[in-house]
Amino acid sequence: MRHRPVLLVIAHGSRDPRHAATVHALVRRVRSLRPWLRVETGFLDFNIPSVQDVLESLAAEGVRDVVALPLLLTRAFHAKADIPAVLDDAPPQLRIRQAEVLGPSPLLLRALERRLYEAGLTPADKASTGVVLASAGSTDPEAIAVIADIARDWWHTGWCAVRPAFASASLPRTEDAVRELRALGCERVAVAPYVLAPGFLPDRIARGAAAADVLAEVLGPAPEVARVLLERYDTAVRAPALAAVGA
């Protein structure tokens, strides 16, 4: 079997222990789908190992090719600034490709629907159900526009209505979007957190969903999310290799 670059999943990290546990569960699912691929995990903050520690360990082992995959749903500040800065400080012998963020992807819409059905909805409920697509929020206009586009695309699959909402930095909040869908006349309202792991902002989304009929779980280790990770990895592997980061 030919040499395959190591997949380094880069997560944000959190003081909430549920965050790291969910990231590790997702990585385990990725490994189960492709057991011959080496997959490592590094965190930008709060959790260990750090991204820098993982990169240094890989270089010390003699690894030369790495695909760094941001465990992010939108291309905002962390993907544009934080992660490139960390990779710039990697050991110079490493050749690193930075994969694209996970979203948007049709597979993520399937994962969102999976979580809603697990929470009690059925496909027959779609036409009478309004959905709040609740994301963490960002100050990056590109990221906000992507969430609005996803909500619009998802609405076209048959839901009564889909409205974006944000836990921070942007408006509307989840509770405001719930009220809007009620005012539109949707028979029921569901909140679908467009987040990967539990934590402070997902908890805020949950509080904002108090008046909704259904609150789905975070995306977490859904099989569709694992498949998106591997799609992003494969695309990065096919791209021309960058010069060694830090050289």
Side-chain angles (χ1 to χ4, degrees), residues 2-16 19-20 22-24 26-27 30-31 34 37-105 108 135-147 168-170 195-197 199-201 219 225-226 228-247:
R2 68 180 179 84
H3 166 74
R4 300 175 188 276
V6 172
L7 170 55
L8 171 58
V9 175
I10 300 179
H12 182 272
S14 171
R15 292 186 178 90
D16 188 322
H19 174 90
T22 302
V23 170
H24 291 311
L26 175 58
V27 169
V30 171
R31 290 182 180 132
R34 200 171 290 185
L37 175 64
R38 181 173 178 181
V39 186
E40 300 291 343
T41 308
F43 295 90
L44 291 173
D45 207 353
F46 301 116
N47 302 107
I48 56 173
S50 70
V51 176
Q52 188 65 31
D53 285 347
V54 175
L55 291 171
E56 290 176 358
S57 177
L58 291 172
E61 289 181 35
V63 170
R64 290 297 175 262
D65 291 296
V66 176
V67 169
L69 194 154
L71 197 60
L72 301 168
L73 293 171
T74 58
R75 186 173 154 72
F77 181 79
H78 293 304
K80 294 177 179 178
D82 283 351
I83 291 175
V86 172
L87 298 181
D88 280 345
D89 288 334
Q93 62 267 43
L94 291 177
R95 292 183 294 269
I96 302 176
R97 298 173 175 91
Q98 182 175 332
E100 291 296 326
V101 298
L102 303 186
S105 167
L108 294 178
S135 77
S138 174
T139 58
D140 189 308
E142 178 187 348
I144 297 304
V146 166
I147 299 300
S168 68
S170 308
V195 293
L196 288 166
F200 176 76
L201 293 179
L219 293 172
V225 179
V228 176
L229 262 72
L230 290 172
E231 284 187 356
R232 297 294 184 256
Y233 170 84
D234 291 340
T235 299
V237 168
R238 290 192 295 268
L242 300 175
V245 174

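Quantities reported herein were computed from a predicted structural model and do not represent experimental measurements. Residues: numbered from 1 along the sequence shown.
Of all heavy-atom pairs spanning A76 and D140, the tightest one is CA-OD2, 3.8 Å. Between Q98 and P70, the closest heavy-atom pair is NE2-CG, 3.9 Å. Closest approach of P5 and R97 over heavy atoms only: CG-NH1, 4.2 Å. Residue L71 comes nearest to L196 through the heavy atom pair O-CD1, 3.5 Å, listed as atom of the first residue, atom of the second, then distance. Residue P49 comes nearest to T41 through the heavy atom pair CG-O, 3.4 Å, listed as atom of the first residue, atom of the second, then distance. Between S170 and S138, the shortest heavy-atom distance links the atoms OG-O, 2.7 Å.
Sorted by first and then second residue, the salt bridge (Lys or Arg N to Asp or Glu O under 4.0 Å) pairs with a member in residues 47-64 read R38-E61; sequence neighbours excluded.
For D16, the side-chain contact (heavy atoms from CB on, under 4.5 Å) criterion is met by S14, R18, D203, not counting sequence neighbours. Under the side-chain contact (heavy atoms from CB on, under 4.5 Å) criterion, A79 pairs with L72, R75, V101, not counting sequence neighbours. With sequence neighbours excluded, no residue forms a side-chain hydrogen bond (donor to acceptor under 3.5 Å, both in side chains) with N47. For F200, the side-chain contact (heavy atoms from CB on, under 4.5 Å) test picks out R204, with sequence neighbours left out. Listed by chain and number, the residues in a side-chain contact (heavy atoms from CB on, under 4.5 Å) with L230 are V30, L33, R34, L37 (sequence neighbours excluded). In this structure D45 satisfies the side-chain hydrogen bond (donor to acceptor under 3.5 Å, both in side chains) test with no other residue, sequence neighbours excluded.
Side-chain atoms of S57 and E40, non-hydrogen and from C-beta on, never get closer than 4.5 Å to each other.
The residue from V39, V63, V67, L55 that alone fulfils the side chain to side chain contact (heavy atoms under 4.5 Å, CB included) condition with L8 is L55.
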